[in-house]
> 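I am attaching a structure below and will ask some questions about it afterwards.
Quick caveat: nothing in here was measured; it's all calculated off a predicted structure. Numbers restart at 1 for each chain; the letters A, B, ... are given by sequence-line order, proteins then strands.
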Amino acid sequence: GAVVSQHPSRVICKSGTSVKIECRSLDFQATTMFWYRQFPKQSLMLMATSNEGSKATYEQGVEKDKFLINHASLTLSTLTVTSAHPEDSSFYICSARRARPDHEQYFGPGTRLTVT
Amino acid sequence: AQSVAQPEDQVNVAEGNPLTVKCTYSVSGNPYLFWYVQYPNRGLQFLLKYITGDNLVKGSYGFEAEFNKSQTSFHLKKPSALVSDSALYFCAVRDMTKDSNYQLIWGAGTKLIIKP
């Protein structure tokens, strides 16, 4: 089956620093990747959608300059949280959509970000 | 607008009893419906999906879901609950509208607690 990896699984950083999270589709090409944020005991909140080779589309209320998304290849997307603050602490999940044959979405295991 | 509702924040079931986690949806056109499970601090795991065909869909870990078009429901069921089934369950519908990137629209999630 299709596998999506996410790295790191956990990261602790200090306020003001930047953190990069990688999302890779290991055995398929992902034309679209989605980045979600999840608060404790809540549903997934879509942050942005990225299509390979083009700029990401951000959901309303998500700061594009704070959450930088790069989708440079069909197997890799990165989310960089810039100038992190404690309120950015959250669980971030990526998802990769396989174009063929079925547009199915596959999820990474998530990254727990803690900003101190 | 397309939406998914999970009317129960939490469902409590005794081990060995049947369980049902409810989901209703609102879409234009034919629905593509999904159930995912999330264990604490983990990513989402796919359970099952309905695209077309038999209204009773069988999935992973003994779960099944029944698609009911007239009631616009897609309830998740299991004949005999296990303590290890305790987790957060999400219902989702795929957005098939133009320019949606086939993103998933998520329910709020239902916490399932199975008591020994």
Side-chain angles (χ1 to χ4, degrees), chain A residues 1-11 21 23 30-52 54-59 71 77 89-114, chain B residues 1-11 21 23 25 29-53 57 59-60 86-113:
Chain A
V3 178
V4 176
S5 70
Q6 217 174 310
H7 179 80
S9 58
R10 288 178 177 269
V11 57
I21 302 170
C23 179
T31 51
T32 303
M33 287 192 175
F34 303 93
W35 286 95
Y36 297 90
R37 181 173 180 177
Q38 187 181 31
F39 294 99
K41 302 179 182 179
Q42 292 191 25
S43 189
L44 283 73
M45 182 191 79
L46 180 65
M47 298 175 65
T49 303
S50 71
N51 290 299
E52 186 264 337
S54 58
K55 290 183 178 180
T57 302
Y58 290 81
E59 296 298 304
H71 190 165
S77 177
S89 299
S90 195
F91 194 56
Y92 293 87
I93 302 174
C94 76
S95 172
R97 180 174 70 82
R98 182 173 68 182
R100 297 179 180 84
D102 53 10
H103 303 293
E104 202 63 72
Q105 268 188 256
Y106 299 91
F107 290 83
T111 296
R112 172 71 61 191
L113 171 63
T114 303
Chain B
Q2 307 194 68
S3 65
V4 175
Q6 291 180 245
E8 304 151 315
D9 290 337
Q10 182 169 310
V11 171
V21 183
C23 172
Y25 64 89
N30 294 320
Y32 287 52
L33 295 157
F34 301 79
W35 275 102
Y36 289 86
V37 60
Q38 186 180 33
Y39 297 98
N41 294 310
R42 303 284 294 276
L44 276 72
Q45 295 181 34
F46 170 79
L47 281 179
L48 50 80
K49 67 180 178 182
Y50 172 82
I51 302 297
T52 187
V57 180
S60 306
S86 298
L88 193 56
Y89 290 80
F90 291 100
C91 182
V93 64
R94 183 181 290 166
D95 188 345
M96 301 299 289
T97 56
K98 185 182 177 185
D99 299 330
S100 71
N101 284 304
Y102 302 100
Q103 66 173 281
L104 292 172
I105 309 299
W106 296 91
T110 298
K111 185 175 183 179
L112 177 64
I113 298 177

> Working to the nearest 0.5 angstrom, can you tell me the gap between B:Leu88 CG and A:Gln38 CD?
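B:Leu88 CG to A:Gln38 CD: 6.5 Å, rounded to 0.5 Å.
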> Heavy-atom cut-off 4.5 Å, strictly under: side chain, backbone, both or neither for A:Gln42 against chain B?
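When you check distances to chain B, only backbone atoms of A:Gln42 fall under 4.5 Å.
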> Return the minimal non-hydrogen interatomic distance between A:Phe34 and B:Asn101, and the atom names on each side.
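Closest approach of A:Phe34 to B:Asn101: CZ-O, 3.3 Å.
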> Given heavy-atom pairs under 4.5 angstrom as the criterion, report whether the side chain, backbone, both or neither of B:Phe34 touches chain A.
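The side chain, not the backbone.
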> Are the side chain of A:Ser43 and the backbone N or O of B:Gly109 linked by a donor-acceptor pair below 3.5 Å?
no
> Just verifying a value: how many Å separate B:Arg94 CZ and A:Arg97 CZ, rounded to the nearest 0.5 Å?
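Those atoms lie 8.5 Å apart.
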> Side chain from CB out, backbone as N, CA, C, O: work out which of these in B:Tyr102 comes under 4.5 Å of a heavy atom of chain A, or both, or neither.
both
> Does the side chain of A:Phe107 come within less than 4.5 Å of B:Gln38's, by heavy atoms?
no
> Find out whether A:Tyr36 and B:Leu44 are in side-chain contact, i.e. whether some heavy atom of one side chain is under 4.5 Å from a heavy atom of the other.
no
> Could you tell me which of A:Thr31, A:Thr32, A:Thr49, A:Leu44 has the largest number of non-hydrogen atom pairs under 4.5 Å with chain B?
A:Leu44
> Would you say OH of B:Tyr32 has more than 12 non-hydrogen atoms from neighbouring residues, nucleotides or ligands within 6.0 angstrom?
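Atom OH in B:Tyr32 is not packed in, count stays at 12 or less.
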> Are more than 12 heavy atoms from other residues, nucleotides or ligands located less than 6.0 Å from atom NZ of B:Lys111?
no
> What heavy-atom pair brings B:Tyr36 and A:Gln105 nearest, and what distance separates the two atoms?
OH-O, 3.8 Å
